Amino acid sequence: MKERPIVPEREMERQREFMKLVEAMDVRPHKYHIVSMGCQMNERDSESIAGMLEQMGMTQAPSREEADLILYNTCCVRENAENKALGNVIWLKELKKVKPDLMICVGGCMTQEKGMAAMMKKRYPFIDLVYGTHNMYKLPEYIWRVLTERRPVIEVMDIDGEVVEGLPEKRKSQFMGFVNIMYGCDNFCTYCIVPHVRGRERSRTPEAILEECVRLQDQGVQEIMLLGQNVNSYRGGGAEFAELLRRVDRLGIPRIRFMTSHPKDLSDELIAAFGELEHLMPQLHLPVQAGSDEVLRRMNRRYTHEHYLSLVEKLRKTCPDIGLTSDIIVGFPGETLEQFEETMDLVRQVRFDAAYTFIFSPRQGTRAAELPDDTPESVKSERIQRLIELQQAITFETLSAQVGKREQVLVEAASTRDASQIGGKTPRGHMVNFPGDPSLIGKFVDVEITSAGRNTLRGRIIGG
Ligand code: SAH
Ligand code: SF4
Ligand code: F3S
C-alpha cells in the first residue's frame, strides 16, 4: 500500500470558512435528515456529514418529512442496494413538489459508479447536489454553491482518494464508536465494486487513530469498532494491524472489535492477539465467500478452502470461545451444484455463529459481470435457501449451547417491542435480551443466559 497524501490543513480551513458562510445565510436549510445505506463505513461517514451540517447551523429533523435538507449516503455493493437508493430518490421528487425549497443531496458509493452522476443529472434534475466518496469533505463548499448559484451541483472526482483528518462529527452512540483505520481496497475480488468506488487502500497514521480512540474514551465510549475493508493490510506509519491493535488495547477501552478481515492475509500475529489482548473481544468476521477452490480462484480471493480451515483451527486453538461469522456468495457465474455443495460442506465444518448470504449480483465494471452465467435464478434461489436453512440450524445450536452461561453484556438499547426489555451483546457478539431498566443503557451488566431464540438469546440480570 502506498503512502497517501493527507488533505492539507489549508483545504480543511477553507471548508470551515464555507461552514461559517452557510451558517450566516438567512435562507438555508435548518433541519437535516440523513439516510445511511450499506456498511459501517458509510455509517461512520454519515457521522462526519452530520457533524458538518451541525456546524452549518442545522439540527437533526425528527422525521424525513420535517427536514429541509435530505441527504442519501448510498451503497451499490449489490443491485438491490442500488435500486433501493434510486427508489428513495425518486420518491423525493414528489416531496419536492410540495416543498420546493427542500435541498436533496446524494452521495456515497453509488454516485461514484462510472456514468452514474451523468445519468442522475439527466434523469433526476430535481437533485440539488451529487458528490462522490472522494470529496465528501467538500460538502460545505458544495452546499454553499447550491444556495448561491441556485442550480444543481454535480461533483464526482475520479481520483484514488486521500486521507481526510479533522472533520467535525456527530456520533450516533454515546458508548459505542466506529473508528476508521483505513479507506479503500486493493483486492479486486472479481465480483466486487468496492475498489472501483472507494479507491485505493490508504491507511490513517497510528497517531490519528489513537487520538480518536482517546477522544472517544474521554467521552465515555465503552466499545470501539476499528473499520476497514481489509484491516489486515493496514499499514500506517510503518505499523501493521496487529501492532496497531496492541497499541489500542493499551488505552484500556473495555471492548475492541474490528472488521473486515481478509483470510488471505490474516497473520499469525493477529491470531495470537486473540489470546493476548485484554480488551479484544473473542469475535471475528472472516468472510469466506465460497467453499470451492475453483470458485475462490475465479473470485480472485487468493486462498483455498484448506487455508481457510487452517485459519479457523488456529483461531480456535488460540481462543476456543471465539465467535466466527462470515459472508457467502451463492451462484457466482458458472458455480456448479458440486461447487455449491463444497460451500455447504465448509459451513458444516466451520459452524459459523452467523453467516450473511448473498446471491451473486453482477456489478458493471467488475470482471465477474463479464463471465458467462448459465445457472437460472430459480436454481440460485433454491441453493441460497438450503444454505440459509443449514446456517439457521447451526446458529440455533450455537446459541442453545450458551444457555446457562454467565456473560458480561454492554447494554445497547431498550427493546422496540417491549419497553420492559433491554438488550446488548456478549463478548462473543451474541445479542441478549432481558428484563431491565433503560437507565442501564451504556453500562455493563452480568447476565445469565436462560434460553435461545433463532438469532438472539434471552437472559436475566444476576447480582448487583
Ligand atoms: N471488505 C469486505 C466485504 C465488503 S462487501 C470483505 O472483503 O470481506 C460485503 C459483502 O458483500 C462481501 O463480503 C460479499 O459477500 C458481498 N458482495 C460483494 N459484492 C457482491 C456481489 N457483486 N454480489 C453478491 N454479493 C456481493
Ligand atoms: Fe470487495 Fe474483496 Fe475488497 Fe472486500 S476485499 S471490499 S470483497 S474487493
Ligand atoms: Fe456499500 Fe460502499 Fe459499503 S458499496 S457496502 S457502502 S463501501
Side-chain angles (χ1 to χ4, degrees), residues 1 34-46 49 72-85 106-113 116 132-134 136 161 178 180-202 226-234 258-266 284-291 295-296 298-303 308 324-333 335 343 352 354-371 373 377 380 383-384 387 391:
M1 193 193 305
I34 300 173
V35 182
S36 201
M37 298 165 158
C39 64
Q40 286 90 346
M41 266 152 268
N42 261 15
E43 266 183 61
R44 178 63 191 87
D45 283 350
S46 292
I49 294 167
Y72 279 96
N73 195 6
T74 59
C75 170
C76 59
V77 74
R78 286 171 294 276
E79 197 185 352
N80 55 5
E82 195 172 302
N83 289 343
K84 194 170 143 198
V106 184
C109 295
M110 185 182 79
T111 57
Q112 197 70 44
E113 278 183 83
M116 183 57 86
T133 55
H134 301 309
M136 179 189 91
F178 290 136
N180 271 318
I181 65 164
M182 57 182 294
Y183 304 95
C185 181
D186 285 354
N187 284 321
F188 288 97
C189 302
T190 55
Y191 51 81
C192 186
I193 199 160
V194 172
H196 303 265
V197 294
R198 284 270 173 180
R200 299 289 59 75
E201 279 178 3
R202 50 215 187 265
L226 303 176
L227 295 178
Q229 290 298 350
N230 176 17
V231 293
N232 301 335
S233 50
Y234 172 82
F258 61 84
M259 75 183 299
T260 299
S261 282
H262 195 304
K264 83 173 155 53
D265 33 34
L266 181 74
L284 181 65
H285 185 60
L286 192 63
V288 66
Q289 311 298 358
V295 174
L296 287 170
R298 285 191 288 126
M299 287 177 163
N300 192 32
R301 290 290 287 180
R302 286 174 281 172
Y303 54 83
Y308 188 89
L324 297 174
T325 57
S326 203
D327 291 343
I328 299 171
I329 297 178
V330 171
F332 187 79
E335 179 194 69
T343 297
F352 295 111
Y356 304 92
T357 52
F358 312 103
I359 289 185
F360 168 74
S361 169
R363 306 280 60 216
Q364 213 186 357
T366 64
R367 275 196 281 155
E370 308 299 321
L371 295 174
D373 186 4
E377 281 305 308
K380 293 187 182 188
R383 286 182 192 168
I384 200 168
L387 178 61
Q391 182 57 50

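Note that the structure is predicted; figures quoted are calculated from it, not measured. As the structure lists them, so they are numbered: ligands from 1, and atoms in each ligand from 1.
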Margin query: Students should be able to answer this: which protein heavy-atom is nearest to atom 15 (O) of ligand 1, and at what distance?
Written below: Gln289 OE1, 2.7 Å

Next item on the list: Could you tell me whether the side chain of Val288 reaches within less than 4.5 Å of the side chain of Ile328, counting heavy atoms only?
Entry: yes

Check: Arg78 versus Ile193: any side-chain heavy-atom pair under 4.5 Å?
Finding: no

Note to self: On a heavy-atom basis, I'd like to know which of Thr260, Asn232, Ile328, Ile329 is closest to atom 6 (C) of ligand 1.
What the structure shows: Thr260

Checklist line | salt bridge (Lys or Arg N to Asp or Glu O under 4.0 Å) assessment of Glu335 paired with Arg383 | finding: CA-CA 11 Å; Glu335 179 194 69; Arg383 286 182 192 168; 3.0 Å; yes

Check: Is there a side-chain contact between Thr190 and Phe332 (heavy atoms, below 4.5 Å)?
Finding: yes

Notebook entry, point to check: Can you name the closest pair of heavy atoms from Cys185 and Pro195 and give their distance?
Noted result: O-CB, 3.3 Å

Next item on the list: Any atoms of ligand 1 less than 4.0 Å from a non-hydrogen atom of Phe360? List them with their elements.
Entry: 23 (N), 24 (C)

Checklist line | Taking every non-hydrogen atom, the tightest pair across Ser261 and Leu266 | finding: OG-CD1, 4.2 Å

Note to self: Looking at every non-hydrogen atom in both residues, tell me the closest pair between Val106 and Thr111 and how far apart they are.
What the structure shows: O-CG2, 3.6 Å

Item checked: For atom 3 (Fe) of ligand 2, the protein heavy atom that lies nearest, with its residue and separation -> Cys185 SG, 2.3 Å

Check: What atoms in ligand 1 come closer than 4.0 Å to a heavy atom of Arg301?
Finding: 7 (O)

Next item on the list: Take every heavy atom of His262, measure it against each atom of ligand 1, and state whether any distance is under 4.0 Å.
Entry: no

Next item on the list: Pull out every atom of ligand 2 sitting under 4.0 Å from any heavy atom of Val194, numbered as shown with elements.
Entry: 6 (S)

Note to self: As an exercise, identify every atom of ligand 1 less than 4.0 angstrom from a heavy atom of Asp327.
What the structure shows: 9 (C), 10 (C), 12 (C), 13 (O), 15 (O)

Margin query: Considering non-hydrogen atoms of the protein only, which is the closest contact for atom 24 (C) of ligand 1, and what is the distance?
Written below: Ile359 O, 3.5 Å

Next item on the list: Take Leu296 and Tyr308 through the test side-chain contact (heavy atoms from CB on, under 4.5 Å) and record every step on the way to the result.
Entry: CA-CA 11 Å; Leu296 287 170; Tyr308 188 89; over 6 Å; no

Margin query: Under the criterion side chain to side chain donor-acceptor pair (under 3.5 Å), I'd like the reasoning laid out for Thr260 against Gln229: C-alpha separation, chi angles, the key distance, then a yes or no.
Written below: CA-CA 5 Å; Thr260 299; Gln229 290 298 350; 5.3 Å; no

Next item on the list: Mark the output for Arg301 as yes if a heavy-atom distance to ligand 2 is under 4.0 Å, and as no if none is.
Entry: yes

Check: Which atom pair, heavy atoms only, marks the closest approach of Cys75 to Cys109?
Finding: CA-CB, 4.3 Å

Check: To which protein heavy atom is atom 1 (Fe) of ligand 2 closest, and what is the distance rounded to 0.1 Å?
Finding: Cys192 SG, 2.3 Å

Notebook entry, point to check: At distances under 2.8 Å, what protein N, O or S atoms surround atom 3 (Fe) of ligand 3?
Noted result: Cys39 SG

Margin query: If we count only N and O atoms by modelled type, under 3.5 Å, do the side chains of Ser36 and Asn42 hold a donor and an acceptor together?
Written below: no

Checklist line | Residues Arg198 and Asp45 bridged, charged N to O under 4.0 Å | finding: yes

Note to self: I'd like to know whether the aromatic ring centres of His262 and Tyr303 sit less than 6.0 Å apart in this structure.
What the structure shows: yes

Checklist line | Heavy-atom nearest neighbour of atom 5 (S) of ligand 2 within options Val77, Asn187, Asp186, Thr190 | finding: Asn187

Next item on the list: Using a strict cut-off of less than 4.0 Å between a Lys/Arg side-chain nitrogen and an Asp/Glu carboxylate oxygen, indicate whether Arg202 and Asp186 qualify as a salt bridge.
Entry: no

Next item on the list: Return the minimal non-hydrogen interatomic distance between Ile181 and Val231, and the atom names on each side.
Entry: CD1-CG1, 3.8 Å

Checklist line | Short N-O contact, Arg363 and Glu82, less than 4.0 angstrom | finding: yes

Checklist line | Polar contact flag for Arg78 and ligand 1 (N/O pairs, less than 3.5 Å) | finding: yes

Next item on the list: Give the numbers and elements of all ligand 2 atoms closer than 4.0 Å to a heavy atom of Phe188.
Entry: 8 (S)

Next item on the list: From the options Pro287, Ala355, Ala368, select the one whose nearest heavy atom is closest to atom 8 (O) of ligand 1.
Entry: Pro287

Next item on the list: Give a yes/no on ligand 1: does Thr366 have at least one heavy atom closer than 4.0 angstrom to it?
Entry: no

Next item on the list: Indicate yes or no: at least one non-hydrogen side-chain atom of Tyr234 is less than 4.5 angstrom from one of Leu226.
Entry: no

Next item on the list: Could you list which atoms of ligand 2 come closer than 4.0 Å to a heavy atom of His262?
Entry: 5 (S)

Note to self: Using a 4.0 Å cut-off to any heavy atom of Arg363, which atoms of ligand 1 qualify?
What the structure shows: 22 (N)

Note to self: Tell me the protein heavy atom at minimum distance from atom 7 (S) of ligand 2, and give that distance in Å.
What the structure shows: Tyr191 OH, 3.4 Å

Check: Counting both backbone and side chain atoms, is some N or O of Gln229 under 3.5 Å from an N or O of ligand 1?
Finding: yes

Checklist line | Per-residue contact class, Asn187 against ligand 1 - non-hydrogen pairs under 4.0 Å | finding: neither

Margin query: Side chain or backbone, does Tyr191 bring an N or O within less than 3.5 Å of an N or O on ligand 1?
Written below: yes

Checklist line | Distance filter under 4.0 Å to Pro195 heavy atoms, resulting ligand 2 atoms | finding: 8 (S)

Notebook entry, point to check: What is the nearest protein non-hydrogen atom to atom 23 (N) of ligand 1, stated with its residue, atom name and distance?
Noted result: Ser361 N, 2.9 Å

Check: Would Lys264 and Asn232 count as having a side-chain donor-acceptor pair, cut-off 3.5 Å?
Finding: no

Notebook entry, point to check: Can you list the ligand 1 atoms lying under 4.0 Å from a non-hydrogen atom of Val77?
Noted result: 5 (S), 18 (C), 19 (N), 20 (C), 21 (C), 22 (N)

Next item on the list: Could you tell me whether any N, O or S atom belonging to Cys189 is less than 2.8 Å from atom 1 (Fe) of ligand 2?
Entry: no

Check: How far apart are the closest heavy atoms of Gly291 and Thr343, and which atoms are they?
Finding: N-OG1, 3.0 Å

